[in-house]
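Scroll down for the structure; my scribbles are underneath it.
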Amino acid sequence: MAVRLFDTRSRKKREFVTLEEGKVGLYACGITPYSPSHIGHARQAISFDIIVRWLRKRDFEVNYITNFTDVDDKIISAANKEGVDFLEISNRYIDDYFESMDALNVIRADAYPRVTETIPEIIEMVESLIEKGNAYVAEDGVYFEIDTSPDKYGQLTGQTLEMVRSGAGGRVDKTGSGKRDHRDFALWKMAKPGEPSWESPWGEGRPGWHIECSAMSLKHLGERFDIHGGGSDLIFPHHEAEIFQSECCLGHDPVVQYWIHNGMVNVDGEKMSKSLGNFWTISEALENVDPLVLRYSLINAPYRQPVDFNQVMIDDSEVHHHRLVTSYGEGLSKKGSTDWRGIQWLEEATGRFESGMDDDFNTRVALVEVQSVAKRMRVLLDSERDSEEIAGAVRWISDYAGSVLGLLPEDSELLSKIQSQEIAKDEISQHVETLLLERDEARESKDWARADEIRDELTGMGVIVEDGPNGATWRIE
RNA sequence: GCACGAGUGGCAGAGCAGCUAUGCAAUGGACUGCAGAUCCAUGGACCCGGGUGCAAAUCCCGGCUCGUGCUCCA
């Protein structure tokens, strides 16, 4: 079964064929570290994390690269505000990023190149573009000249030069004064006093925003590579600029075989933004939400769809995730885990899960399968039989919900938690049993007031009493 | 204005030509003094108008509404 993915450039799902048999070069645009990472970053990282996990599951050898734009206007202004070096700012928020991503169970990329470590390659690329006549040197910087390659315009957005010309009409950018045309974009910005800068043939300065990704992807993945991705807000102009730069510089197209973009995170139906006051950093969100629940909620829709982050959605995810994990834990501690192959209903679930994931990484479909396997396992667990099927289901959940979707805590962690709960239970067991006995007597004599009083007392101790057909059972919450 | 995407049951959200999506909620039942948990069952949907198909949430055309992009942004 082949993997299909939605390519932004051709605007349709295409069968995934790699340049080199069995190998995938994947570049995803990372963050500009000037403030704490937010939920949108989480979604981007998790989306690509799962794509990488799935391609590896499908036996591809994946080289996954994601970058840090560790020098730019916002970083510089944050540094000036605090009176510190710009690298102090970027390093701080890169640390924050890794901390958040580790919590969200995002597997590290194979490399995290930074702009400040790629300056020579960037300069080389800009030089080459000037030589080829695609770029020109102006007072305040070096610019890419769109008109040298008008046919490349709108490859990802479906717009043409004329559309943008008319659309942008009133608000032509006046800041890039050296530009010949407002649609040209900066490859190199000459340094203003006090700004971090590097020497170049055109004077002290720093790279423009777009060129870094062209240079870094070239450096790490070569002149052609399979997948380039990022958030959908980067499609224009960032990724279109990259197409101009890379293809003009290297002299062939396409450089990137497939462009993929994850959807944005909205909050209560509106775009998350600082000005609207509905902005969530990851660490803020994690104060109230378990990281794996957050992860669950963000893959509960296919990666290209927008996701609406709101209380209902979090509550739902909490219920679903909690049930998945507790079922898994119960199965694991009671029946262990064994190979599931050959168990028909699990084979069928596998088929649906895999074809969902093969179809543009549809995690929503995959999640439905996970939940239905968990549910069936719970039923089996209740019926106290079919150990082999339960153990198979445990392994299945571990393989798919765990390894592929990254939704489960470590087995050891889970088991020790269950164990410590058992111990806690043992400690108060006698006391609880005594009270329950008393309550049974009260119930026997239909003294409901006394019975409820005892139940309330137990609730106060964190003990949940549940009356069943064979008398009362209890557990610790 | 232009571009891209979306409009599905009370809610969230899949499916994208034929077969129960699913979960939460609701209702009925099992169990129940009550509550809770669990299980079983049930109802209920495809924005509007045309078109193409034996067959359309699913494809095509035209509307309407919403979101996003066109400036830095995952």
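Lettering follows sequence order; numbering is per chain, from 1. Basis for what follows: all heavy atoms, side chains included, without hydrogens, waters or symmetry-related copies.
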Item to complete: With sequence neighbours left out, write down each residue that passes side-chain hydrogen bond (donor to acceptor under 3.5 Å, both in side chains) with A:D315, or none if nothing qualifies.
Response: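 side-chain hydrogen bond (donor to acceptor under 3.5 Å, both in side chains) check on A:D315 returns A:Q311.
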[atom1]-based separation of [M] from [N] [nearest Å]:
N     : M     : atom1 : answer
B:G43 : B:G29 : C1'   : 15 Å
B:G62 : B:C70 : P     : 27 Å
B:C19 : B:C59 : P     : 15 Å
B:G7  : B:A57 : P     : 15 Å
B:G15 : B:U71 : P     : 32 Å
B:U42 : B:A21 : P     : 12 Å
B:G36 : B:C31 : C1'   : 12 Å
B:A25 : B:G9  : C1'   : 12 Å

Discussion item. Anti or syn, where syn is a glycosidic angle within 90° of 0; which label fits B:A17?
Written reply: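 B:A17: anti.
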Response to the item:
Syn within 90° of 0, anti beyond: B:G50 is anti
Atom-pair distance ([atom1] on [X]; [atom2] on [N]), nearest Å:
X      : N     : atom1 : atom2 : answer
A:R376 : B:C40 : CZ    : P     : 11 Å
A:D360 : B:G5  : CG    : P     : 14 Å
A:E240 : B:C4  : CD    : P     : 12 Å
A:D315 : B:C24 : CG    : C1'   : 10 Å
A:F48  : B:A74 : CZ    : P     : 13 Å
A:H261 : B:G67 : NE2   : P     : 23 Å

Worksheet entry | Salt bridge present between A:D73 and A:K192 (N-O < 4.0 angstrom) | no
Discussion item. Could you check whether A:D72 pairs with A:K74 (Lys NZ or Arg NE/NH1/NH2 to Asp/Glu carboxylate O, under 4.0 Å)?
Written reply: no
Worksheet item: B:C19 pairs with which nucleotide, Watson-Crick or G-U wobble, both distances below 3.5 Å?
Response: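 Looking at the geometry, B:C19 pairs with no nucleotide.
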Worksheet entry | Base-pairing assignment for B:C31 (Watson-Crick or G-U wobble, both under 3.5 Å) |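 By the stated definition (distances under 3.5 Å), nothing pairs with B:C31.
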Item to complete: Apply the salt bridge (Lys or Arg N to Asp or Glu O under 4.0 Å) test between A:R439 and each candidate in A:D456, A:D447, A:D467; give the one that qualifies.
Response: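 Only match with A:R439 under salt bridge (Lys or Arg N to Asp or Glu O under 4.0 Å): A:D467.
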Worksheet entry | Contact state string [nucleotides 12-19 of chain B, B base, S sugar-phosphate only, - no protein heavy atom under 4.0 Å] | BSSS----
Discussion item. If you compare all heavy atoms of A:A393 against all heavy atoms of A:L346, which two are closest, and at what distance to 0.1 Å?
Written reply: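 Between these two residues, the closest heavy atoms are N-CD1, 3.6 Å.
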Discussion item. Would you say the rings of A:Y143 and A:F185 are close, in the sense that their centroids are separated by under 6.0 Å?
Written reply: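 Ring-ring flag for A:F185/A:Y143: false, centres at least 6.0 Å apart.
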Worksheet item: When all nucleic acid strands are considered with a 4.0 Å heavy-atom cut-off, which category describes A:H38: base, sugar-phosphate, or nothing?
Response: base
Worksheet item: So which pairs with a foot in residues 294-307 of chain A pass salt bridge (Lys or Arg N to Asp or Glu O under 4.0 Å), sequence neighbours left out?
Response: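 Every salt bridge (Lys or Arg N to Asp or Glu O under 4.0 Å) pair that includes a residue of residues 294-307 of chain A, provided the two are not neighbours, is A:D49-A:R295, A:R304-A:D360.
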Practice prompt. For the pair A:F309 and A:W280, name the ring-plane relationship: parallel under 30°, tilted 30 to 60°, perpendicular over 60°.
Written response: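 Perpendicular, since the angle between the ring planes exceeds 60°.
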Practice prompt. For the pair A:H238 and A:H210, name the ring-plane relationship: parallel under 30°, tilted 30 to 60°, perpendicular over 60°.
Written response: tilted
Show which side-chain atoms of residues 259-267 of chain A pair as donor or acceptor with protein atoms under 3.5 Å away, not counting sequence neighbours.
from: A:H261; atom 1: ND1; to: A:T8; atom 2: OG1; distance (Å): 2.7
from: A:H261; atom 1: NE2; to: A:H239; atom 2: ND1; distance (Å): 2.7
from: A:N262; atom 1: OD1; to: A:G231; atom 2: N; distance (Å): 3.3

Worksheet item: Which residues within residues 225-235 of chain A lie with some heavy atom under 4.0 Å of an atom in RNA chain B?
Response: A:G230, A:G231, A:D233, A:L234
Worksheet item: Where the side chain of A:K74 is defined as all heavy atoms beyond and including C-beta, which of B:G69, B:G33, B:C72 is the nearest nucleotide?
Response: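 Given the options B:G69, B:G33, B:C72, the side chain of A:K74 is closest to B:C72.
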Worksheet item: Between A:R11 and A:G263, which is nearer to the 5' end of RNA chain B once each is assigned its nearest nucleotide?
Response: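 Looking at the nearest nucleotide for each, A:R11 comes out on the 5' side.
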Discussion item. Tell me if a side-chain donor or acceptor on A:E284 pairs with a main-chain N or O of A:T281 at a distance below 3.5 Å.
Written reply: yes
Listed pairs, N/O of protein and of nucleotides 34-38 of chain B, under 3.5 Å:
from: B:C34; atom 1: O2; to: A:R455; atom 2: NH2; distance (Å): 2.6
from: B:C34; atom 1: N3; to: A:R455; atom 2: NH1; distance (Å): 2.8
from: B:C34; atom 1: N3; to: A:R455; atom 2: NH2; distance (Å): 3.3
from: B:C34; atom 1: N4; to: A:D467; atom 2: OD2; distance (Å): 2.5
from: B:A35; atom 1: N1; to: A:D467; atom 2: N; distance (Å): 3.4
from: B:A35; atom 1: N3; to: A:R455; atom 2: NH1; distance (Å): 3.2
from: B:G36; atom 1: N1; to: A:D467; atom 2: O; distance (Å): 3.1
from: B:G36; atom 1: N2; to: A:D467; atom 2: O; distance (Å): 3.2
from: B:A37; atom 1: O4'; to: A:E466; atom 2: OE2; distance (Å): 3.3
from: B:U38; atom 1: O2'; to: A:D382; atom 2: OD2; distance (Å): 3.3

Practice prompt. Please test A:Y97 against A:I31 for side chain to side chain contact (heavy atoms under 4.5 Å, CB included), starting from the C-alpha separation and ending with a verdict.
Written response: CA-CA 9 Å; A:Y97 175 84; A:I31 60 158; 3.6 Å; yes
Worksheet item: Within 45 degrees of the axis of the six-membered ring of A:F6 and under 6.0 Å from its centre: does A:R14 put its NZ or CZ there?
Response: no
